[in-house]
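Hydrogens, waters and symmetry mates play no part in the numbers below; they use all other heavy atoms, side chains included. Computed from a predicted structure; not experimentally measured.
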Amino acid sequence: MTLRIRCLIVLVLLAALALPAAAQFGDVLSGIGKAKKVADATTPWTPEQEDQIGQAAAAKIIHIFPLYQNEAATRYVNLVAASVAQFGKRNLPYHVAILDTPIAWACAMPGGYVFVTRGALEKMKDEAELAGTLAHEVAHVDARHLESIIRNKKLTGLAVDEGMSHVPYNVLGGLANQLVTQALTQNYGPDKENDADKKGTDFAAQAGYQPSGLKTFLETLATFANDPANKQKTGLWNGKTHPAFSTRVATLNKLLEKYPATGQTLPERFHKNTVEAEKAEASPEPTNQ
């Protein structure tokens, strides 16, 4: 065998050995890339990121449902939210707005941006029901429920690097769209809803409210939803983005067995700051003749 032939054989063998090595090296790089994506998906947003993303999502909600322009009622729901939010684990400033729609609904975006509709307020009897509803939404934010759903979905191109204090505009819009779509059309899942119901009940009870507020409000909505004409007004809550009212009421009844049947309901204060505030806002100011 000539030297030239031996050299060719060696080169062929080296090439054959190099192919699997290159493939393995590519697998390693691919594995590193996948690990990075997993890390991105499981790393909580920084406070700055969360606030930016929450603000962008809140702006989209307001674009869909106009704000109810009533300063007194808005100030009131913010005070009630603050009273229950103080018992959460996270020190977040919560911002509550009332949406001007007859649909009975409430939702919360990351960063502490909470919404409740006029349709929901009109079905409530007292402040305990409002507190229980807002506490449920605060509990979602406190546990980062919606954020974790979006981070785990992690659609291609929507990664947010841990070290970035500001979210790029294109990423911000994509994440905000996902958050709003999730809130309007998809379910959190029974585990997260049960968690928010439980923690929300805890927050309301610790704030001095009757812990059954959320449950009695859901019972009212369940009765209201029995009329087919009201399906559209309750559809976002009743089995679409949340478990059916009857399911949640049954779960809350079991949960409430652990709580004393005490606490404030404050129907007069609720009426004064919602119904009467609306009448005052609608009444024109007298003019001096």
Engineer: Taking CG in Asp191 as the centre, count heavy atoms belonging to other residues, nucleotides or ligands within less than 6.0 Å. Is the count above 12?
Structural biologist: yes

Engineer: So which atom in Ala57 and which in Ala176 form the shortest heavy-atom distance, rounded to 0.1 Å?
Structural biologist: N-CB, 3.7 Å

Engineer: Could you state the interatomic distance from OG1 (Thr46) to CD1 (Ile53), rounded to the nearest 0.5 Å?
Structural biologist: 8.0 Å

Engineer: Heavy-atom count around Gln264 CD within 6.0 Å, excluding the residue itself: above 12?
Structural biologist: no

Engineer: State, with a plain yes or no, whether a side-chain heavy atom of Leu252 is found less than 4.5 Å away from one of Leu218.
Structural biologist: yes

Engineer: Checking Glu278 side chain against Val275 main chain: does a donor-acceptor pair fall under 3.5 Å?
Structural biologist: no

Engineer: Where is the tightest heavy-atom contact between Ala277 and Ala73, given as atom of each residue plus distance?
Structural biologist: CB-N, 4.4 Å

Engineer: So how far is it from Gln210 CD to Leu256 CG, rounded to the nearest 0.5 Å?
Structural biologist: 9.0 Å

Engineer: Main chain of Pro47, side chain of Asp51: is a donor-acceptor contact present, judged purely on distance under 3.5 Å?
Structural biologist: no

Engineer: Are the charged groups of Glu268 and Lys272 less than 4.0 angstrom apart, N to O?
Structural biologist: no

Engineer: Looking at every non-hydrogen atom in both residues, tell me the closest pair between Leu266 and Tyr209 and how far apart they are.
Structural biologist: CD1-CE2, 4.1 Å

Engineer: Taking side chain as C-beta onward, heavy atoms only, is Gln182 less than 4.5 Å from Leu146?
Structural biologist: yes

Engineer: How many angstroms lie between atom CD of Glu129 and atom OG1 of Thr265, to the nearest 0.5 angstrom?
Structural biologist: 9.0 Å

Engineer: Taking Asp142 first and then Lys89, would you say they form a salt bridge - that is, a charged N and a carboxylate O separated by under 4.0 Å?
Structural biologist: no

Engineer: Within the side chain of Asp197, is there an N or O that forms a donor-acceptor pair under 3.5 Å with the backbone of Arg248?
Structural biologist: no

Engineer: So Val141 and Arg90, do their side chains get closer than 4.5 Å, heavy atoms only?
Structural biologist: yes

Engineer: Per the side chain to side chain contact (heavy atoms under 4.5 Å, CB included) rule, which among Val116, Leu134, Val96 passes with Val80?
Structural biologist: Leu134

Engineer: If only atom types and distance count, is the side chain of Thr117 paired as donor or acceptor with the main-chain N or O of Ala120 below 3.5 Å?
Structural biologist: yes

Engineer: Return the set of residues passing side-chain hydrogen bond (donor to acceptor under 3.5 Å, both in side chains) with Lys199 (not counting sequence neighbours), or none when no residue passes.
Structural biologist: Asp195

Engineer: Tell me the closest heavy-atom pair linking Ala108 and Glu137, and the distance in Å.
Structural biologist: N-OE1, 3.4 Å

Engineer: Is there a side-chain contact between Trp45 and Leu175 (heavy atoms, below 4.5 Å)?
Structural biologist: yes

Engineer: Can you name the nearest heavy-atom pair linking Phe65 to Trp105, along with the distance?
Structural biologist: CE1-CZ3, 3.9 Å

Engineer: Is it true that Lys125 and Thr216 share a donor-acceptor pair across their side chains at a distance under 3.5 Å?
Structural biologist: no

Engineer: Would a distance-only check, ignoring hydrogens and angles, find a side-chain to backbone donor-acceptor pair under 3.5 Å from Thr181 to Gln178?
Structural biologist: no

Engineer: When you check the side-chain N and O atoms of Glu193 and His145, is any donor under 3.5 Å from an acceptor?
Structural biologist: no

Engineer: Measuring from atom CE of Met124 to atom NE2 of His271, what distance do you get when rounded to the nearest 0.5 angstrom?
Structural biologist: 15.0 Å

Engineer: I'd like to check the side chain to side chain contact (heavy atoms under 4.5 Å, CB included) partners of Ile62; sequence neighbours left out, ordered by chain and number.
Structural biologist: Leu67, Phe115

Engineer: Taking C-beta and beyond as the side chain, do Leu184 and Ile64 meet within less than 4.5 Å on heavy atoms?
Structural biologist: yes

Engineer: Looking at every heavy atom in both Ala207 and Ser83, which two are closest together, and how far apart are they?
Structural biologist: CB-O, 3.5 Å

Engineer: So, the side chain of Asn273 versus the backbone of Arg269: is there a donor-acceptor pair under 3.5 Å, distance only?
Structural biologist: yes

Engineer: Under 3.5 Å, side chain of Glu50 to main-chain N/O of Gly111, donor-acceptor pair present?
Structural biologist: yes

Engineer: Show, in sequence, the C-alpha distance, side-chain angles and deciding distance for Ile98 and Leu121, and conclude whether the side chain to side chain contact (heavy atoms under 4.5 Å, CB included) test is met.
Structural biologist: CA-CA 9 Å; Ile98 303 172; Leu121 292 175; 3.9 Å; yes

Engineer: Kindly compute the distance separating CG (Leu221) from OG1 (Thr133), expressed to the nearest 0.5 Å.
Structural biologist: 8.0 Å

Engineer: With side chains defined as the heavy atoms from C-beta onward, is the minimum distance between Leu130 and Tyr76 less than 4.5 Å?
Structural biologist: yes

Engineer: Atom CZ in Arg118, atom CG in Leu99: separation rounded to 0.5 Å?
Structural biologist: 11.0 Å

